[in-house]
J.: 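Input: one structure, supplied below.
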Amino acid sequence: MTTFKEFDIRTVDPDTLVDADTVSVDVDLPIPARMEDMARQMNNVPHYFRSGKTLVKVSHIVTDVQLNDLMENWLRTV
């Protein structure tokens with residue numbers, strides 16, 4: 001099985017990825033609900049998506065900060 005780190009996004013059919021430009025965040029929802037809604041809109045795969053014709057693989061360095069915390073902080077800004 002390929003791990004997230006080893007996954008090569010260049011091997012993915014772009015048409016199978018959600019276009020992030022079509023995702024809408026309801027800022028009136030509480031942060032956890034925003035995260036759930038965003039994940040749902042991205043077919044529960046928010047680490048891989050496209051923006052127009054650009055393929056995106058989200059990753060972060062290993063720190064004490066969890067990805068959920070990073071997403072929560074980002075969603076506070078939108």
Side-chain angles (χ1 to χ4, degrees):
M1 172 182 268
T2 303
T3 65
F4 173 78
K5 187 175 181 179
E6 297 168 335
F7 182 79
D8 186 351
I9 196 164
R10 296 171 293 185
T11 64
V12 174
D13 176 1
D15 293 332
T16 64
L17 297 176
V18 172
D19 188 336
D21 298 335
T22 66
V23 174
S24 126
V25 177
D26 182 350
V27 296
D28 294 326
L29 293 174
I31 299 281
R34 288 186 214 179
M35 292 172 69
E36 289 176 20
D37 186 48
M38 188 175 97
R40 180 192 56 75
Q41 290 181 63
M42 299 183 89
N43 299 327
N44 293 316
V45 188
H47 298 95
Y48 308 103
F49 57 91
R50 63 186 169 89
S51 179
K53 294 182 180 181
T54 303
L55 303 183
V56 179
K57 175 183 173 183
V58 176
S59 62
H60 68 286
I61 60 172
V62 177
T63 68
D64 291 338
V65 180
Q66 298 293 315
L67 181 58
N68 282 354
D69 296 332
L70 294 171
M71 292 293 296
E72 182 176 330
N73 288 338
W74 175 73
L75 284 168
R76 289 181 195 279
T77 68
V78 294

J.: Can you run down the side-chain hydrogen bond (donor to acceptor under 3.5 Å, both in side chains) pairs that involve residues 31-42, sequence neighbours left out, and say none if there aren't any?
T.: Asp37-Arg40, Asp37-Gln41
J.: So which pairs with a foot in residues 12-33 pass salt bridge (Lys or Arg N to Asp or Glu O under 4.0 Å), sequence neighbours left out?
T.: Asp19-Arg50
J.: Return all side-chain donor-acceptor pairs below 3.5 angstrom for residues 71-78, not counting sequence neighbours, or 'none' if the list is empty.
T.:
residue	atom	partner	partner atom	Å
Glu72	OE2	Arg76	NH2	2.4
Asn73	ND2	Asp69	O	3.4
Thr77	OG1	Trp74	O	2.5

J.: Over all heavy atoms of both residues, which pair between Val12 and Leu55 is shortest? Give the atoms and the distance, please.
T.: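 Answer, listing the atom of Val12 first, then Leu55: O-CD1, 4.3 Å.
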J.: Are Leu29 and Met42 connected into the same hydrophobic cluster when the rule is that any two of I, L, V, M, F, W, Y join if their side-chain heavy atoms are below 4.5 Å apart?
T.: no
J.: Is there a side-chain contact between Phe49 and Val58 (heavy atoms, below 4.5 Å)?
T.: yes
